[in-house]
Amino acid sequence: MSAVATPAPRRLRRLERAAIAGVMSREVANFRTYWKGTTFSSVMEPLVYLLAFGLGLSATLVDEVNGVPYIQFVGTGMVATAVIFSSALPSMFGTFVKHRFQNTYDAILAAPVDVEELVSAEMLWIAARSGTYGCVPLLVTIAFGLDPAWGMLLTPLFCFVTALGFSGFGVAMAATVAKIDQFNYVTALFVTPLFLVAGTFFPIDGLPQGFQVLAQVNPLHQLVELVRGGAFGYEWADLLRFAFLVAFAAITWRVAIHQMRKRLID
Amino acid sequence: MAAIELRDVVKTFGPITAVDGLDLEVPEGICLGLLGPNGAGKSTTMRLLTGQAIADSGVLRVLDYELPAEAKTARWQMGVVPQLDNLDVDVTVEDNLAIFARLYRVPDVGAAVDKALGIARLHERRHDAVDELSGGMRRRLLLARGLVHEPRLVLLDEPTVGLDPQIRTELWTLIGELKARGTTILMSTHYIEEAERLADEVAVMHQGRIISRGRPAELIGEHAGRFTAEVYGPPDRLAETRAEAESRGLSVRPAGPAIAIVGSERADGLVPDDAVVRAASLEDVFVLLTGEEAD
């Protein structure tokens with residue numbers, strides 16, 4: 001056997017690290033070709049939102065919310081916005097395009113990689129990226145006067161776990177829809193409502209009772225509360241919030257694998 | 001040991017039976033051409049062998065691994081060259097190969113990439129993005145990607161479909177080199193010439209099963225005889241000649257504007273002087289067995 005050949009046969013296990021790392025290395029190689037645009041928009045978007053909502057509204061309508069300057073209230077909430085838009089949408093569209101138009105998954109599944117490893121790798125990559133970009137609004141808000149706090153160091157972890165859940169959601173949706181334009185329904189029915197009732201721009205305790213209950217099962221709302229906890233002080237309930245996000249990620253992971261298996265294996 | 005062993009394999013998609021009681025054995029070290037018209041079940045067979053399709057019934061063993069349970073381990077020792085170009089077009093040639101070397105758990109990724117670049121003859125273009133390559137270079141890269149881990153078995157799914165003749169010839173040379181190294185190859189194709197030039201043995205697939213198998217010369221001898229006479233003329237004359245040939249038990253098939261009398265050495269006095277008599281070919285066999293026109 002030559003120096004480059006495949007190692008001696010052994011039975012491959014489930015969720016092999018080498019398979020997951022291999023799939024992620026493909027994502028990294030592709031990301032190197034478009035990271036500038038993604039990074040630019042990830043920095044600019046929160047900046048624009050903060051200028052429009054934070055400075056605009058705080059100068060005219062809202063001074064502060066629950067004792068927190070409005071710009072800091074919005075800035076900490078914007079972390080959740082950045083996370084959903086950098087996880088759910090790329091996983092939906094990216095997965096669909098790679099499967100239907102680029103036949104990328106056919107190539108990967110012809111190698112010693114199974115659907116479980118493929119989906120796990122895709123979710124981990126998107127979550128790692130989203131966990132990083134999700135912190136940008138917090139950094140921008142610090143530039144706008146938010147005091148740094150030790151608790152904020154957990155923000156990347158919260159973003160990562162939430163993004164893991166939303167990337168699983170996106171992959172599952174991509175494996176479920178028949179045509180790419182059906183993502184309009186997904187966006188209108190799920191993504192936008194989740195984004196609006198997360199407590200980013202206004203506190204949810206001002207909403208009707210029904211919406212307040214719904215907000216409690218909104219992972220984005222839990223993330224917003226955790227990020228604000230990191231900035232303004234944690235409470236015991238935050239442990240439950242984090243557990244909720246972990247459960248959300250675990251459920252969407254399994255659903256995404258199930259849906260992708262149905263889609264990819266005849 | 002057979003590299004591939006399929007016994008009574010059935011695969012349906014709703015009301016369509018794509019693979020219908022398929023029996024196929026591919027010994028190690030040979031190149032078997034799976035020849036069949038579109039819709040014969042060749043691509044489904046390829047997907048069954050990679051575990052991307054699950055058979056309804058039957059026994060599938062690849063490199064002594066039971067499928068689908070051990071499909072992932074079997075794929076570790078296999079290389080697959082797909083019909084469709086699914087390279088990462090924005091990524092460099094080198095990275096495309098490196099990604100797959102990692103997926104195949106190759107210990108020395110750098111050495112594997114170098115070797116694959118040599119196979120694809122793309123050393124000079126290693127840092128270029130794939131979308132800067134010509135069509136021929138991309139196909140060579142696709143082939144090299146399937147060989148980056150030096151597999152024991154290679155599945156080539158219509159490797160030259162849709163390519164112009166020059167690129168096809170380039171790929172045939174590469175596949176020939178692979179054969180010379182003793183790698184077991186299963187190659188699906190609907191190009192007669194491809195099967196004739198590359199395959200040690202040809203299995204003709206039709207409606208989901210193998211209907212004939214052997215070395216090209218054996219298949220020709222068995223099904224088509226020694227000579228084929230192509231008869232040209234007005235439709236009335238062709239119809240008359242055809243009826244006469246068939247009444248003598250000869251096989252006749254359309255051949256563009258002509259009819260071809262297969263096994264014409266047995267057609268005493270029937271073949272007109274202006275007919276073109278040539279050696280019987282695999283194409284004659286293919287058309288006779290499948291009833292489909294060959295590419």
Side-chain angles (χ1 to χ4, degrees), chain A residues 1-38 94 97-118 121 125 260-266, chain B residues 11 13 18 44 46-48 50-54 63-65 68 70-82 84-92 95-96 98-116 129 142 145-146 148-152 155 157:
Chain A
M1 186 176 286
S2 78
V4 300
T6 309
R10 61 180 168 85
R11 198 186 162 104
L12 297 178
R13 301 181 311 273
R14 276 182 66 191
L15 288 170
E16 288 230 338
R17 193 189 304 174
I20 292 171
V23 177
M24 288 178 78
S25 80
R26 182 199 161 273
E27 297 294 342
V28 172
N30 276 279
F31 183 66
R32 283 205 301 261
T33 69
Y34 64 83
W35 70 272
K36 287 178 187 166
T38 305
V97 167
K98 277 180 270 189
H99 170 44
R100 305 290 182 89
F101 301 134
Q102 298 175 342
N103 299 302
T104 305
Y105 294 147
D106 276 347
I108 292 173
L109 293 177
V113 177
D114 59 26
V115 174
E116 190 176 37
E117 290 160 339
L118 173 67
W125 165 249
M260 283 291 272
R261 198 172 275 140
K262 267 171 61 180
R263 177 65 76 179
L264 293 172
I265 306 296
D266 296 326
Chain B
K11 176 65 187 172
F13 296 97
T44 303
M46 291 294 191
R47 287 180 70 80
L48 287 167
T50 59
Q52 289 170 280
I54 309 294
L63 299 171
D64 226 17
Y65 295 107
E70 299 176 301
K72 190 163 76 166
T73 309
R75 289 198 298 271
W76 196 15
Q77 309 292 319
M78 279 158 72
V80 179
V81 180
L84 296 171
D85 177 346
N86 51 22
L87 295 161
D88 280 309
V89 293
D90 296 324
V91 171
T92 65
D95 280 346
N96 265 278
I99 290 162
F100 275 77
R102 289 188 200 101
L103 291 177
Y104 282 105
R105 287 76 152 166
V106 172
D108 188 342
V109 171
V113 168
D114 272 338
K115 195 159 184 177
L142 204 57
R145 190 186 72 180
V148 73
H149 56 304
E150 298 186 354
R152 291 164 58 195
L155 306 183
D157 189 6

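Quick note on labels: first sequence line is chain A, next is B, and so on, each numbered from 1.
- Between chain A and the residues Val91(B), Val89(B), Val80(B), Thr92(B), the largest count of heavy-atom pairs under 4.5 Å involves Val91(B).
- Within the 4.5 angstrom heavy-atom criterion, atoms from both the backbone and the side chain of Val23(A) approach chain B.
- For the options Leu48(B), Thr50(B), Asp95(B), heavy-atom pairs under 4.5 Å to chain A are most numerous at Asp95(B).
- Interatomic distance, OH of Tyr105(A) versus CZ of Arg263(A), reported as 12.5 Å (0.5 Å rounding).
- The salt bridge (Lys or Arg N to Asp or Glu O under 4.0 Å) check on Arg47(B) picks up Asp106(A), Asp266(A), with sequence neighbours excluded.
- If you measure heavy-atom distances from Leu264(A) to chain B, the contacts under 4.5 Å come from the backbone alone.
- A salt bridge between Glu117(A) and Lys72(B) is present, with a side-chain N of the basic residue lying under 4.0 Å from a carboxylate O of the acidic one.
- At a heavy-atom cut-off of under 4.5 Å, chain B is reached by Asn30(A), Arg32(A), Thr33(A) from residues 30-38 of chain A, listed in order of number.
- For a residue to count as touching a neighbouring chain, one of its non-hydrogen atoms must lie under 4.5 Å from one of that chain's; by this rule Ile54(B) touches chain A with backbone and side chain alike.
- Panel note: side chain Thr73(B), backbone Leu12(A); a donor-acceptor pair is recorded below 3.5 Å.
- Of the possible donor and acceptor atoms, none in the side chain of Arg102(B) sits under 3.5 Å from a partner among the backbone N and O of Ala21(A).
- In this structure, Lys11(B) NZ and Thr44(B) OG1 are separated by 8.5 Å, a value rounded to the nearest 0.5 Å.
- Taking every heavy atom of both residues into account, Gly51(B) and Ala71(B) meet most closely at CA-CB, 4.1 Å.
- Counting heavy-atom pairs closer than 4.5 Å to chain B, the top-ranked of the candidates Ala18(A), Ser25(A), Gly22(A) is Ser25(A).
- Between Glu70(B) atom CD and Tyr65(B) atom OH the span is 7.5 Å, to the nearest 0.5 Å.
- Interface remark: Arg17(A) contributes no atoms to any contact with chain B (heavy atom separation under 4.5 Å).
- Closest non-hydrogen pair, Pro151(B) versus Gly146(B), comes out as CG-O, 3.6 Å.
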